[in-house]
Structures are given as C-alpha cells and as structure tokens.
Enquirer: 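Structure in structure tokens, see below.
Below, each value reflects all heavy atoms present in this structure, side chains not excepted, and no hydrogens, waters or symmetry copies. Every number for a ligand or one of its atoms is a count from 1 in the order of the listing. Starting from 1, each residue takes its place in the sequence as its number. Note that the structure is a prediction, hence the values are computed from the model and not measured.
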Amino acid sequence: MMRALRKLELTLAILKPDVVAHPHILKQEFFFVRSKKLILTPTRAKEFYKEHDGKFFLNRLVSFMSSGPIWTHILARENAIPEWRRIMGPTKVLKTIHEAPETIRGRFGLTDTRNCTHGSDSPETAAREIQFFFPEFSIDKWHDTEETHFCNGHVGFDEDLCQHVSFQDVSDAIS
Ligand code: IDP
Ligand code: MG
C-alpha cells in the first residue's frame, strides 16, 4: 500500500573488471544504497548471465566477468533503471565509441565484451539481480524504512563502505 508513494527507484549496477582497475565513481548522480566488491566464480557469472545461454559471446563474457574484482552496487534515484543505462551507453562499445562518446562505455569501453558496466533493464530484472548479489537486502523494507532519509538528503557518502549512509545511522554508531 506504500507503493504509490515511492519516489526513488532501485537498480543493480556492476562495475566490471576493466573499470575496477581504473575506477571512476558516480556518487553525485546516484545514491549508493549498498556496495560490495567481490570476485565472481565462472559458475556464478554463468548463472548471472543465464538469459544469454547459447549466445556466441557467453564463454568470453563469463571468463571476463570472473577475471578480476567487480563492484556491485544497489543504486537509487528517480528512474534509476533507465538513467543508469543512459549514463552507461549502448551495449556494443565499438559502435558506442562513435555514437555516444560521452557515456561510460563510449569513454572507457575496450571491446564489446569489455564494456565496463552492467545495469538492470527492467524493475523485474533489478529485483532479481539485487537478490542475486544482496540476498540479505529487502527492497520493500528499504522503501519503508530508509527511502525518506535519502529523499530528505539526510545521507552522506562513506568512502570506506563506498555507500551513502543516513545521518541517523552515523549518530547511532557514535553514541
Ligand atoms: P547489456 O549489458 O547492455 O544489458 P546484454 O545484451 O544484456 O547487454 O549483454 C550482456 C553482456 O554481454 C554485455 O554487457 C556485453 O558484455 C556482452 N555482450 C553482448 N553482446 C555482445 C557481443 O556481440 N559481443 C561480445 N560481447 C557481447
Ligand atoms: Mg542486459
């Protein structure tokens, strides 16, 4: 029943191994709700990309995705899903370099496989992908308990956690 009041949308973003080696963070444009740095095993990478089973690029995608650390983030803002995908740019880097050179993939992408970032493509995908990396996180609970702190600007960026934390949590922690 709270759903109609929701202002912020959540999406799942990945900074892939190529950008983690050369980080550039977008904390002005999105709230970083949760962040984890991890290394995917080939099995987990394959599971994450199971919609691409049978595609010619799957093997190289899975080996790339498990080749080094990635950052996974739950990002929030209004229209987070399309906005993050807009900032990432189109999938195919070799075209994007010419057609959308201002995007992340246009600026930093190396090949169609090594294209820097991932972003969920729909609310259903975002929910599934958030669960995949953050099984302890509840989207409903976040909207009910944390979203208002973000909407009111009562958050700051914690460099160590690589995420925004509410000032309430900070004062709880030091009191
Ligand atoms: P998306 O990441 O923009 O949503 P998808 O079509 O879901 O694009 O593909 C998932 C990932 O698979 C891409 O980000 C890219 O790393 C890789 N990929 C997609 N198409 C190709 C291709 O034609 N050649 C090589 N890799 C590809
Ligand atoms: Mg996709």
Enquirer: Angle between ring planes, Phe32 versus Phe157, binned at 30° and 60°: parallel, tilted or perpendicular?
Expert: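 Perpendicular, since the angle between the ring planes exceeds 60°.
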Enquirer: If you have a sec, work out which protein heavy atom is nearest atom 23 (O) of ligand 1 and how many Å separate them, to one decimal?
Expert: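 Residue, atom and distance for the closest contact: Lys92 NZ, 3.1 Å.
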Enquirer: Specify the protein heavy atom at minimum distance from atom 2 (O) of ligand 1: its residue, its atom name, and the distance to 0.1 Å.
Expert: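 The answer is Arg105 NH2, 3.1 Å.
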Enquirer: Among all protein heavy atoms, pick the one closest to atom 6 (O) of ligand 1 and tell me residue, atom and distance.
Expert: His52 CE1, 3.7 Å
Enquirer: As an exercise, state the distance from SG of Cys116 to CZ of Arg105, rounded to the nearest 0.5 Å.
Expert: 7.5 Å
Enquirer: Please identify which atoms of ligand 1 are closer than 4.0 Å to at least one heavy atom of Lys16.
Expert: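 Counting from 1, the qualifying ligand atoms are 13 (C), 14 (O), 16 (O).
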Enquirer: Identify the protein heavy atom lying closest to atom 3 (O) of ligand 1, giving its residue, its atom name and the separation to 0.1 Å.
Expert: Thr91 OG1, 2.5 Å
Enquirer: Is it true that Phe56 lies under 4.0 Å from ligand 1, counting heavy atoms only?
Expert: yes
Enquirer: For Lys55 and ligand 1, answer yes if some heavy atom of the residue is under 4.0 Å from a ligand atom, otherwise no.
Expert: no
Enquirer: If every non-hydrogen atom of His164 is compared with every non-hydrogen atom of Phe30, which pair is closest and at what distance?
Expert: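 Residues His164 and Phe30, closest heavy atoms: CE1-O, 3.4 Å.
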Enquirer: Look at the aromatic rings of Phe137 and Trp142 and report parallel, tilted or perpendicular, splitting at 30° and 60°.
Expert: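 It falls in the tilted class, 30° to 60°.
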Enquirer: Quick check on the hydrophobic clustering: are Leu12 and Ile70 connected, directly or via other members, by side-chain heavy-atom contacts under 4.5 Å?
Expert: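 Hydrophobic grouping puts Leu12 with Ile70.
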Enquirer: Check the side chains of His73 and Gln163 for a donor-acceptor pair under 3.5 angstrom, ignoring hydrogens and angles.
Expert: no
Enquirer: Could you note down all residue pairs passing side chain to side chain donor-acceptor pair (under 3.5 Å) where residues 36-48 supplies at least one of them, sequence neighbours left out?
Expert: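 Counting only pairs at least two positions apart or across chains, the side chain to side chain donor-acceptor pair (under 3.5 Å) contacts touching residues 36-48 are Lys36-Glu136.
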Enquirer: Identify, for atom 21 (C) of ligand 1, the protein heavy atom at the shortest distance, and state residue, atom and that distance.
Expert: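 Result: Phe57 CD2, 3.4 Å.
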Enquirer: For Phe134, is the NZ or CZ atom of Arg34 found under 6.0 angstrom from the centre of its six-membered ring and inside 45 degrees of the ring axis?
Expert: no
Enquirer: In terms of heavy-atom contacts, does CG of Asp158 have more than 12 from other residues, nucleotides or ligands at under 6.0 Å?
Expert: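 Yes, CG of Asp158 has more than 12 neighbouring heavy atoms, counting only those of other groups under 6.0 Å.
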Enquirer: Does Asn115 approach ligand 1 within less than 4.0 angstrom via side chain, backbone, both or neither, non-hydrogen atoms only?
Expert: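 It is the side chain that gets close, since no backbone atom is under 4.0 Å.
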Enquirer: Among all protein heavy atoms, pick out the one at the shortest distance from atom 24 (N) of ligand 1; state its residue, atom name and that distance to 0.1 Å.
Expert: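 Looking at atom 24 (N) of ligand 1, the protein heavy atom closest to it is Asp112 CB, 3.7 Å.
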Enquirer: Mind checking whether Arg114 has a heavy atom under 4.0 Å from ligand 1?
Expert: no
Enquirer: Just heavy atoms, cut-off under 4.0 Å: does Met65 contact ligand 1 by side chain, backbone, both, or neither?
Expert: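 Contact part for Met65 vs ligand 1: neither.
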Enquirer: What is the nearest protein non-hydrogen atom to atom 11 (C) of ligand 1, stated with its residue, atom name and distance?
Expert: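 The protein heavy atom lying closest is Leu61 CD2, 3.8 Å.
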Enquirer: Enumerate the atoms of ligand 1 whose separation from the nearest heavy atom of Arg85 is less than 4.0 angstrom.
Expert: 1 (P), 3 (O), 4 (O)
